[in-house]
Amino acid sequence: MAPYSITEFHVPPDYPATHRLAGPSWTYLFGSDHFGRDVFSRVLSGGGSLILLSLAGALLGLFWGTLIGMSSGYKGGRVDQVVMRVMDGMMAFPALLLALLMLTTLGARDAPWRWLEAYWQGSLIVVTIGLVFAPSAARVMRSVTLQAKNLEFVMSARLRGESATYIIFREIMPHALPTLGVEFAVRLSYSILLVSSLGFLGLGVQPPSPDWGLMIAEGRQFIGSAPWITLAPAGAVATLVVGVNLLTDGIKHARGMPREVVG
């Protein structure tokens with residue numbers, strides 16, 4: 001759908017000077033930036049990496065959180081208390097600060113394998129998001145497990161002599177799927193904001209590849225004369241986050257779930 005190349009400079013002598021910082025028009029739907037690049041094309045392309053990294057990070061965090069929370073909640077006792085205190089300690093760190101700490105320390109190192117070099121930065125972002133959101137997902141899934149493990153179908157599985165792994169993944173997990181789906185939608189919206197923030201700080205996708213957060217950072221110096229450079233990617237981020245939140249509310253209403261279940 002992108003009408004122009006996302007990296008081609010429309011500058012003199014190949015193009016007239018009017019192509020730089022051009023306002024929204026039929027030629028450039030969202031205007032052009034200081035290099036004459038089409039903002040609309042870059043917004044369309046930049047959303048791909050952001051959505052992919054956000055989805056992967058939210059899924060990884062939900063996987064780790066589900067595994068930790070359900071195992072801890074089912075085990076109970078001292079193990080549950082220790083695990084939850086560790087999760088509380090991780091939640092005490094601001095998400096952006098923890099992400100910056102990991103990316104600045106590990107991102108400066110080379111990838112351990114040559115084939116991973118092209119994906120090293122993206123992999124670090126995904127793992128970081130997973131670590132940031134795993135504790136909150138673990139608390140939610142632990143709460144569901146504590147409620148479910150005393151229900152009759154779980155007690156019947158215990159009486160049959162089923163293993164803890166079987167009970168967690170075959171008995172409790174299907175019961176927790178609605179909450180798991182809502183929790184994923186909630187974490188996805190936070191992941192989008194976190195990836196955008198990292199891109200804004202220069203720790204996400206690197207130029208000349210487009211990224212919504214990076215585009216907002218690049219357009220700050222022109223916000224007075226060419227605000228469309230910043231407003232277009234910022235509006236895209238806001239629209240995506242609002243859309244995910246509306247989807248989350250719709251799922252909760254459809255399932256009849258109170259807000260505090262997935263808070």
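Keep in mind the model is a prediction, meaning the values are calculated, not measured.
Met173 has its side chain within reach of Thr66: a pair of non-hydrogen atoms, C-beta onward, lies under 4.5 Å apart. Annotation: side chain of Leu55 is in contact with side chain of Phe184 (closest heavy-atom distance under 4.5 Å). Counting heavy atoms from C-beta on, the side chains of His175 and Phe153 come closer than 4.5 Å. In this structure the side chain of Leu98 never reaches within 4.5 angstrom of the side chain of Thr128, judged on heavy atoms. With contacts defined as side-chain heavy-atom distances shorter than 4.5 Å, the pair Met70/Phe169 does not qualify. Taking 4.5 Å as the limit, some side-chain heavy atom of Met215 sits within range of a side-chain heavy atom of Val43. With a 4.5 Å cut-off on side-chain heavy atoms, Leu198 and Leu100 count as touching. Side-chain contact between Leu21 and Ile229 is present, with heavy atoms from C-beta onward closer than 4.5 Å.
For Ser32 and Asp38, the side-chain atoms include no donor-acceptor pair closer than 3.5 Å.
Of all heavy-atom pairs between Pro210 and Arg42, the closest is CB-O, 3.5 Å. Minimum interatomic distance between Asn245 and Ser189 (heavy atoms only, all atoms of both residues): OD1-OG, 3.5 Å. For the residue pair Gly69 and Thr145, the shortest heavy atom distance occurs at O-OG1, 4.4 Å. Taking both residues in full, the closest heavy atoms of Pro174 and Pro178 are given as O-CD, 4.1 Å, listed atom of the first, atom of the second, then distance. Between Ile68 and Val83 the shortest heavy-atom distance is CG2-CG1, 3.6 Å. Here the closest heavy-atom approach between residue Ile125 and residue Leu203 is recorded as CD1-O, 3.7 Å.
Leu124 CG to Leu53 CG: the interatomic distance, rounded to the nearest 0.5 Å, is 11.0 Å. Annotation: the span from Ile51 atom CD1 to Ile192 atom CD1 amounts to 7.0 Å, rounded to 0.5 Å. One distance of note links OG of Ser191 with CD1 of Ile129; it measures 5.0 Å at 0.5 Å rounding. Between the CG atom of Leu194 and the CZ atom of Arg187 there is a distance of 12.0 Å, given to the nearest 0.5 Å. Here the straight-line distance linking atom CG of Leu240 with atom CG of Leu193 works out to 9.0 Å at 0.5 Å rounding. Expressed to the nearest 0.5 Å, how far CZ of Arg78 lies from CD of Gln81 amounts to 10.0 Å.
At a threshold of 4.5 Å between side-chain heavy atoms, the hydrophobic network of Ile, Leu, Val, Met, Phe, Trp and Tyr places Val186 and Leu177 in one connected group. With hydrophobic clusters built from ILVMFWY side chains whose heavy atoms lie under 4.5 angstrom apart, Val86 does not share a cluster with Leu67. Met84 and Met91 fall into different hydrophobic clusters, where Ile, Leu, Val, Met, Phe, Trp and Tyr side chains are chained together by heavy-atom contacts under 4.5 Å. Under the 4.5 Å side-chain heavy-atom criterion for ILVMFWY residues, no single connected hydrophobic cluster contains both Val242 and Ile216. When hydrophobic clusters are built by joining Ile, Leu, Val, Met, Phe, Trp and Tyr residues whose side-chain heavy atoms come closer than 4.5 Å, directly or via intermediates, Leu201 is grouped together with Leu50.
Of the candidates Arg139, Lys75, Arg142, Arg85, Asp80 forms a salt bridge (charged side-chain N to carboxylate O under 4.0 Å, His left out) with just one, namely Arg142.
Of the possible donor and acceptor atoms, one in the side chain of Ser136 sits under 3.5 Å from a partner among the backbone N and O of Phe133. Distance alone, capped at 3.5 Å, places no donor-acceptor pair between the Thr230 side chain and the Pro227 backbone. A donor-acceptor contact shorter than 3.5 Å is absent between the side chain of Ser196 and the backbone of Gly213.
One finds no salt bridge joining Arg158 and Glu162 here, because no Lys/Arg side-chain nitrogen approaches an Asp/Glu carboxylate oxygen to under 4.0 Å.
You'll find the ring centres of Phe40 and Tyr4 outside the 6.0 Å limit.
Applying the ring-ring contact (aromatic ring centres under 6.0 Å, His included) definition to pairs two or more places apart or across chains, none involves residues 41-93. Within the structure, the ring-ring contact (aromatic ring centres under 6.0 Å, His included) test picks out the following pairs touching residues 204-237 (sequence neighbours left out): His34-Phe222.
Within a 6.0 Å radius of CZ in Arg160, other residues, nucleotides and ligands contribute more than 12 heavy atoms.
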